[in-house]
Amino acid sequence: MSLYYKSTRNSKLRVTASEAILKGLASDGGLFVPEELPKLDRAVEDMKGMNYQEIAYIVMKQFFTDFTEEELKSCIHHAYDSKFDTEEIAPLVKADGMYYLELFHGATIAFKDMALSILPYLMTTAAKKNHVDQKIVILTATSGDTGKAALAGFADVEGTQMIVFYPKNGVSKVQERQMVTQKGGNVNVVAIHGNFDDAQNGVKAMFENKELEKELAEHGYRFSSANSINIGRLIPQVVYYVYAYVKLLEYGEAAQGEKINVAVPTGNFGNILAAYYAKQMGVPMDRFICASNENKVLYDFFETGSYDRNREFMLTTSPSMDILISSNLERLLYLALGEDSEKTKELMTELKSKGKYTVTEEVKERLADFAAGYATEEETEETIRALYDRTGYVIDTHTAVASYVCSQYKKSEKDNGKYLVAATASPYKFAKSVMAAIDGNYETADEFELLEKLQEVSGVEMPQAIKEILDADILHDTECGVDQMERTVRTILRSKEE
């Protein structure tokens, strides 16, 4: 049965999965969502013993129905290979009564690898299926991790051009070094003088600019996105939640049909939405614990029903979550509004013009699957230190936010069920913050000098992704103002034509 996609802002728009992947963002500014959320075609317990690739096919074939079995299996085979440093792809670690789903064993040591390893293959396959002869320009804003994962995924992929915008001074030193040393004749990295929301707004504005779209088409280009606003980014993230539950069954850590709670450090809302999609597919899950840092716009929304980005933007030690406009929330909102695209469009217009919107009590009640909490910088630091002292297990700052919020939820709800925490980045990616949390004497040390110390403390070998950037040449040094993003894209593309 074919599954089609529609825009959150226009339910009458109907495209195939491959068209949705190619477009990235709907022409009306909305996000593509499936006409209905599909169910798994086999029981979760029947997947015991399967590897990651096999489960990936079972999940993705339900969403990407216009891909043949051969096409989809080829994409999966090329994505989940030796670039991951563990055979399990996404190992589960039990520590202090919670299960940490390690999503950082890919080429760039962050969870974005899980989806961005496959997106280039999905996109190039989709281009062939739709007889696209234009060069695909992947335009992406990053708060730190998406950028490097997208750059690594698309580097030298034929028929693509990659442009990543990141906030100068808004990412960790390791994240920045990973991006600016990226090799590839088709990749470009630009630091903007602003924050992530500025970068994301600038990218969205270019997607919605019809004149720019026409101009690019005349030069043989078309835009697409590698952010989680692209359905080809979001659906592969559903896989690891299905996989995690299967592994809990396999290891005897959960009984058949036993519901688990899932805690996710949340910025753009894609990762936690993927867990929600897994539940809709039939995975036994109870609550989704949305964990924020001090930029707690999502916490406030789930508590009050009001989304308000009119607040001070905080720079924290968990920079990938330093976001005030969580784009993927629109997909959940659309469902909570009864798939009313007109109402969704109205609220998104309000957010753009006034910086805020409020949902009714009835809509808020439909979000009951979600709980929310936040961690201060001090609480994040203390969580890293306490977990290390108790167990020797070292987690990064983003995972610590989720771990803290999860433990608070467990106490307040007196819920002794099973808890799965999405461990979204390697501690090596935020070595200084992690080491300073474990021992305050490291607060003034150089981040790169602490990498070997972290190896000693954690007992985990330094990942290849870190080793290869230590002496790498800086290849990208372009910077621009927020109002110069479109001009910068034009300049980059013109230079490629010369």
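Side-chain N or O atoms of Tyr57 include none that pairs as donor or acceptor with a backbone N or O of Tyr52 at under 3.5 Å. A donor-acceptor contact shorter than 3.5 Å links the side chain of Asn186 to the backbone of Phe154. Looking at Asn261, its side chain never comes within 3.5 Å of a backbone N or O of Tyr419 through a donor-acceptor pair. Using modelled atom types, no side-chain atom of Arg385 and backbone atom of Ala436 make a donor-acceptor pair closer than 3.5 Å. At distances below 3.5 Å, not a single donor-acceptor pair connects side-chain atoms of Thr108 with backbone N or O atoms of Ala465. Using modelled atom types, no side-chain atom of Asp113 and backbone atom of Ala149 make a donor-acceptor pair closer than 3.5 Å. Between the side chain of Thr391 and the backbone N or O of Leu387 there is at least one donor-acceptor pair closer than 3.5 Å. No donor-acceptor distance shorter than 3.5 angstrom exists from the side chain of Glu102 to the backbone of Leu92, with no hydrogens or angles considered. Distance alone, capped at 3.5 Å, is enough to place a donor-acceptor pair between the Lys83 side chain and the Ala79 backbone. For Thr376 (side chain) and Glu379 (main-chain N/O), a donor-acceptor pair under 3.5 Å exists by modelled atom type.
The distance from atom NZ of Lys73 to atom NZ of Lys61, rounded to the nearest 0.5 Å, is 8.0 Å. Rounding to the nearest 0.5 angstrom, the gap separating the CD1 atom in Ile323 from the CG atom in Asn268 is 4.5 Å. Separation of atoms CZ (Arg309) and CG (Asp197) is listed at 7.5 Å; rounding is to 0.5 Å. Here the SG atom belonging to Cys75 is positioned 8.5 Å from the CE atom belonging to Met60, to the nearest 0.5 angstrom. Separating the CD atom in Glu479 from the CD1 atom in Ile192 is a distance of 11.0 Å, to the nearest 0.5 Å. Distance CG/Asp369 to CD1/Ile289: 12.0 Å, rounded to 0.5 Å.
Side-chain contact between Leu116 and Arg233: present, with at least one pair of heavy atoms (C-beta onward) separated by less than 4.5 Å. For the pair Met179/Val189, a side-chain contact is recorded, criterion being any heavy-atom separation below 4.5 Å from C-beta on. With contacts defined as side-chain heavy-atom distances shorter than 4.5 Å, the pair Tyr241/Asn271 qualifies. Taking 4.5 Å as the limit, some side-chain heavy atom of Ile438 sits within range of a side-chain heavy atom of Val457. With a 4.5 Å cut-off on side-chain heavy atoms, Tyr245 and Ile260 count as touching. Counting heavy atoms from C-beta on, the side chains of Val394 and Met435 never come closer than 4.5 Å. Counting heavy atoms from C-beta outward, Ile163 and Phe165 have side chains that approach closer than 4.5 Å. You'll find the side chain of Pro167 stays beyond 4.5 Å of the side chain of Ser143, heavy atoms only.
Asn195 and Asp322 form no side-chain donor-acceptor contact under 3.5 Å, judged by distance and modelled atom types alone. Between the side chains of Tyr166 and Glu176, at least one donor N or O sits under 3.5 Å from an acceptor N or O. Of the N and O atoms on the side chains of Ser327 and Lys204, at least one donor lies less than 3.5 Å from an acceptor on the other residue. Side-chain contact, Asn230 with Ser225: no donor N or O sits under 3.5 Å from an acceptor N or O. In this structure, a donor-acceptor pair under 3.5 Å is present between the side chains of Asp145 and Gln175. No side-chain N or O of Glu312 forms a donor-acceptor pair with one of Asn295 less than 3.5 Å apart. Between Ser433 and Glu381, the side chains place no donor N or O within less than 3.5 Å of an acceptor N or O (distance only, hydrogens not considered). For the residue pair Thr124 and Glu158, no side-chain donor N or O sits within less than 3.5 Å of a side-chain acceptor on the partner.
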Could you give me the CA-CA distance, side-chain angles and deciding distance for Glu54 and Asn51, then say whether side chain to side chain contact (heavy atoms under 4.5 Å, CB included) is met?
CA-CA 5 Å; Glu54 290 166 329; Asn51 64 23; 3.2 Å; yes
Take Glu377 and Glu294 through the side chain to side chain contact (heavy atoms under 4.5 Å, CB included) test and state the conclusion after the steps.
CA-CA 7 Å; Glu377 289 289 87; Glu294 289 179 349; 3.9 Å; yes
Just do the side chain to side chain contact (heavy atoms under 4.5 Å, CB included) check on Leu451 and Ile466 with the steps written out, would you?
CA-CA 9 Å; Leu451 292 168; Ile466 295 294; 3.5 Å; yes
Let me see the working for Leu454 and Val434 under side chain to side chain contact (heavy atoms under 4.5 Å, CB included), right down to the final yes or no.
CA-CA 8 Å; Leu454 178 55; Val434 169; 4.2 Å; yes
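Minimum interatomic distance between Pro463 and Ser426 (heavy atoms only, all atoms of both residues): CG-OG, 4.3 Å. For the pair Ala150 and Met162, the tightest heavy-atom approach, listed with the atom from each and the gap, is CB-CE, 3.4 Å. Smallest separation of non-hydrogen atoms from Tyr243 and Ala90: CE2-O, 3.3 Å. Minimum heavy-atom separation, Val482 to Gly194: CG2-CA, 4.1 Å. For the pair Ile231 and Ala20, the tightest heavy-atom approach, listed with the atom from each and the gap, is CG2-CB, 3.8 Å. Ile229 and Arg331 get closest at one heavy-atom pair: O-NH2, 2.7 Å.
Residue Asp471 places its CG atom among 12 or fewer non-hydrogen atoms of other residues, nucleotides or ligands, all under 6.0 Å distant. Sparse packing is recorded around CD of Glu461, with 12 or fewer heavy atoms of other residues, nucleotides or ligands lying under 6.0 Å away. Counting heavy-atom neighbours within 6.0 Å of His77 NE2, excluding the residue itself, gives a total of 12 or less. The environment of Glu413 atom CD is dense: over 12 non-hydrogen atoms of other residues, nucleotides or ligands sit within 6.0 angstrom. Lys467 NZ: more than 12 foreign heavy atoms inside a 6.0 Å radius.
In this structure, Arg177 is positioned above the aromatic face of Phe448, its NZ or CZ under 6.0 Å from the six-membered ring centre and within 45° of the axis.
Put simply, the residue from Leu37, Val44, Val238 that forms a side chain to side chain contact (heavy atoms under 4.5 Å, CB included) with Met281 is Val238. Just one of Glu468, Lys429, Lys173 meets the side chain to side chain donor-acceptor pair (under 3.5 Å) condition when paired with Gln178; it is Lys429. If you run salt bridge (Lys or Arg N to Asp or Glu O under 4.0 Å) between Glu253 and each of Lys94, Lys247, Lys418, only Lys94 comes through.
A salt bridge links Arg390 to Asp96: at least one charged side-chain nitrogen sits closer than 4.0 Å to a carboxylate oxygen. Between Lys296 and Asp300 there is a salt bridge, since a side-chain N of the basic residue sits under 4.0 Å from a carboxylate O of the acidic one.
For Lys135, there are no salt bridge (Lys or Arg N to Asp or Glu O under 4.0 Å) partners at least two apart in sequence or on another chain.
Sorted by first and then second residue, the pairs that involve residues 368-401 and meet ring-ring contact (aromatic ring centres under 6.0 Å, His included), not counting sequence neighbours, are Tyr100-Tyr393, Phe269-Phe370, Tyr276-Phe370, Phe288-Phe370, Tyr299-Tyr374, Phe302-Phe370, His398-Phe430.
Taking the six-membered ring where the residue is Trp, the centroids of Phe84 and His105 are separated by 6.0 Å or more.
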